[in-house]
Amino acid sequence: HNFGTVMHDLKPKPAYTAARTLNTTLAGFTFDKRIETDSADDFVLQFIRDGRQALTLWTTGDDHEITLTLPPGRAALVDMQGERSRIQWTEPGPKITLTQSPQYLLIRPTR
């Protein structure tokens with residue numbers, strides 16, 4: 001009775017929402033590479049689709065902030081429950097707080 005992705009009344013559990021967020025956010029993207037950080041506990045995975053870039057980010061350690069080395073830009077930051085926020089940055093790149101919950105950075109192409 002404690003496992004699964006939905007309640008007995010079929011209401012989604014947080015795990016269901018997290019799986020749905022993963023599937024819909026990265027739909028059509030292909031894994032490209034892991035981007036190295038200063039810590040082996042940090043995971044920054046790059047995905048590509050039609051020239052667009054998405055990063056999936058999390059840590060297995062304590063929450064902390066990292067600065068990504070990306071050209072100036074803007075993106076949507078999606079948490080594992082599907083909540084979106086917009087961010088914009090200049091050099092050297094966006095500052096993201098890594099947690100043990102995955103986040104998705106959907107980088108918008110520059111025009």
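As a basis for the values below, the full set of heavy atoms in this structure was taken, side chains included, without hydrogen atoms, waters or symmetry mates.
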request  = For the pair Leu77 and Gln103, evaluate side-chain contact (heavy atoms from CB on, under 4.5 Å) and give the outcome as yes or no after the intermediate values.
outcome  = CA-CA 7 Å; Leu77 183 63; Gln103 300 175 81; 3.7 Å; yes

ask   = Taking the hydrophobic residues Ile, Leu, Val, Met, Phe, Trp and Tyr, and joining any pair whose side-chain heavy atoms are under 4.5 Å apart, which ones share a cluster with Tyr104?
value = Leu22, Leu26, Phe29, Phe31, Phe43, Leu45, Phe47, Trp58, Val78, Leu106

request  = Apply side-chain contact (heavy atoms from CB on, under 4.5 Å) to Asp50 and list each qualifying residue two or more places apart in sequence or on a separate chain.
outcome  = none

For Val6, the rest of its hydrophobic cluster, which grows through side-chain links under 4.5 angstrom = Leu10, Tyr16

ask   = Out of curiosity, does Leu57 fall in the hydrophobic cluster containing Ile107 (side-chain heavy atoms, cut-off under 4.5 Å, transitive links)?
value = yes

query = What pair of heavy atoms forms the shortest contact from Arg108 to Ala76, and how long is it?
reply = NH2-CB, 4.2 Å

inquiry  = Checking Gln53 now: which residues fulfil side-chain hydrogen bond (donor to acceptor under 3.5 Å, both in side chains) with it, not counting sequence neighbours?
reply    = Gln46

Side chains of residues 62-72: which donor-acceptor pairs under 3.5 Å do they make with residues two or more places apart or in other chains?
unit_1: His64; atom_1: ND1; unit_2: Asp62; atom_2: O; d: 2.8
unit_1: His64; atom_1: NE2; unit_2: Asp42; atom_2: OD1; d: 3.1
unit_1: His64; atom_1: NE2; unit_2: Asp42; atom_2: OD2; d: 2.9

inquiry  = With a 3.5 Å distance limit and no angle check, can you tell me whether Ser101 reaches the backbone of Met80 through a side-chain donor-acceptor pair?
reply    = no

key: Any donor-acceptor pair under 3.5 Å from Arg49 side chain to Ala27 backbone   = yes

inquiry  = Going by the rule side-chain hydrogen bond (donor to acceptor under 3.5 Å, both in side chains), which residues pair with Thr56 if we only count those two or more places apart in sequence or in a different chain?
reply    = none

More than 12 heavy atoms of other groups within 6.0 Å of Asp38 CG = no

Throw together a table of side-chain donor-acceptor distances under 3.5 angstrom for residues 81-88, partners on residues two or more places apart or in other chains.
unit_1: Gln81; atom_1: NE2; unit_2: Pro14; atom_2: O; d: 3.2

message = Applying side chain to side chain donor-acceptor pair (under 3.5 Å) as the test, list every pair that has at least one member in residues 89-100; sequence neighbours left out.
response = none

query = Do Thr60 and Asp41 come within less than 4.5 Å of each other through their side chains, counting heavy atoms only?
reply = yes

